[in-house]
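Some notes on the structure that comes next.
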Amino acid sequence: MKLATWNVNSLKVRLPQVLEWLAATRPDVLCLQETKQDDQAFPRIELEAAGYQVAFAGQKTYNGVAILSRLPLTDVAVGIPGYNDEQKRLIAATVATDSGPRRVVCAYFPNGQSIDSDKYVYKLGWISALTAWLREEAKRQPQLALLGDYNIAPEARDVRDPAAWEGQVLVSEPERAAFRALIALGLVDTFRLFEQPEQIYTWWDYRMMAFRRNRGLRIDHILVSTALAAHCKSCTVDKEPRRAERPSDHAPVIAEFG
DNA sequence: ATGTCTCAGGGACTGAGA
């Protein structure tokens with residue numbers, strides 16, 4: 001089974017690339033972030049025609065998340081329970097697999113803008129609420145996966161130029177501590193389960209020819225419970241869609257399970 | 001060194017957000 005995540009930076013713009021990538025890669029589940037369209041505009045017909053069941057929570061202009069699945073998708077839930085949030089950043093659903101039900105959580109963590117911004121305060125509060133909820137959810141759902149754009153590069157090796165990013169949003173110590181708090185729940189960063197090449201990233205700024213120079217950050221992650229981690233066979237980043245005409249600024253991440 | 005992309009509003013460009 002393949003689980004994947006991709007921040008598409010507008011599903012309206014990127015739908016042709018998503019359909020092409022689904023056909024080429026055939027993930028069982030794809031979590032999307034920054035769909036940037038309200039639910040009436042969601043391309044349900046096109047994605048169902050491609051063989052995927054869909055669950056989505058969108059809004060106009062900003063944010064928006066979705067889960068696409070070739071396997072039966074049930075028990076869809078939107079948002080962090082008990083956390084009041086206008087912004088559509090989280091959707092969860094249960095995927096029926098041969099190995100039993102797996103709970104998939106698709107998250108678009110706040111960016112935070114800059115460490116002196118009120119958006120940074122919101123970011124840390126949002127992650128704190130997510131973590132508190134997942135602590136309980138993990139007890140109910142032994143086979144749990146948290147996929148998405150975390151907007152956090154966990155370690156120096158996840159940043160091409162750590163000195164240039166020192167103390168900034170996406171790499172600041174409080175954000176990294178928040179990431180470690182998720183790990184402390186018993187979640188595993190599937191990417192680090194395996195020996196990886198150096199300088200693998202998932203996001204490159206559109207500016208300054210960052211992609212061509214591989215000046216990126218690894219901020220999109222697939223974390224899974226230990227029960228699921230035991231079956232994880234690989235975790236890779238597919239840079240190919242980032243080379244396309246009019247690409248998203250993020251590349252998809254794929255984890256494969258036995 | 002705020003350099004790119006997306007979207008909304010409003011009918012050319014500006015501002016917000018990332």
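Not measured: the values here are computed from a predicted model. Every chain is numbered from 1 and lettered A, B, ... according to where its sequence line falls, protein lines coming before strand lines.
We find that CE of A:M208 is positioned 11 Å from P of B:dG3, with the value rounded to whole Å. For the pair A:K12 NZ and B:dC7 C1', the computed distance is 9 Å after rounding to whole Å. The CZ-C1' distance, from A:R246 to B:dT6, rounds to 9 Å in whole Å. In this structure, CG of A:L11 is placed 10 Å from P of B:dC7, rounded to the nearest angstrom. If you measure from atom CZ of A:R215 to atom P of B:dT4, you get 16 Å, rounded to the nearest angstrom.
B:dT14 and B:dG3 are spaced 12 Å apart, taking the P atom of each and rounding to whole Å. B:dA12 and B:dC7 have their C1' atoms separated by 16 Å, with the value rounded to a whole Å. Taking the C1' atoms as reference points, B:dC13 lies 23 Å from B:dA1, given to the whole Å. For the P atoms, the distance linking B:dG10 with B:dG15 amounts to 15 Å, nearest Å.
In this view, A:R102 satisfies the salt bridge (charged side-chain N to carboxylate O under 4.0 Å, His left out) rule with no residue, not counting sequence neighbours. The salt bridge (charged side-chain N to carboxylate O under 4.0 Å, His left out) search around A:D161 returns A:R215, not counting sequence neighbours.
Grouping Ile, Leu, Val, Met, Phe, Trp and Tyr by side-chain contacts under 4.5 Å, direct or through others, puts A:I127 with A:I80, A:Y83, A:L90, A:V105, A:F109, A:Y122, A:W126, A:L130, A:W133, A:L134, A:L144, A:L146, A:Y150, A:I152, A:F179, A:L182, A:I183, A:L185, A:L187, A:L223. Here A:V13 is tied to no hydrophobic group at all, with no ILVMFWY side chain closer than 4.5 Å.
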(message) Between A:F191 and A:H221, does the side chain to side chain contact (heavy atoms under 4.5 Å, CB included) criterion hold? Intermediate values first, please.
(response) CA-CA 8 Å; A:F191 185 79; A:H221 307 293; 6.0 Å; no
(request) Kindly determine whether A:R140 and A:E137 satisfy salt bridge (Lys or Arg N to Asp or Glu O under 4.0 Å), including the steps that lead there. (result) CA-CA 5 Å; A:R140 294 185 287 263; A:E137 185 73 356; 2.9 Å; yes
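The stretch residues 19-64 of chain A participates, sequence neighbours left out, in these ring pair (Phe, Tyr, Trp, His ring centres under 6.0 Å) pairs: A:W6-A:W21, A:F42-A:F56.
Contact between the side-chain N/O atoms of A:R14 and the OP1/OP2 oxygens of B:dT6 is found at a separation under 4.0 Å. At B:dC7, one or more side-chain N or O atoms of A:S10 fall inside 4.0 Å of OP1 or OP2 (strictly under the cut-off).
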(request) Determine, for nucleotides 9-18 of chain B in 5'-to-3' order, which nucleotides have protein heavy atoms under 4.0 Å from the base (write B), from only the sugar-phosphate (write S), or from neither (write -). (result) --------SB
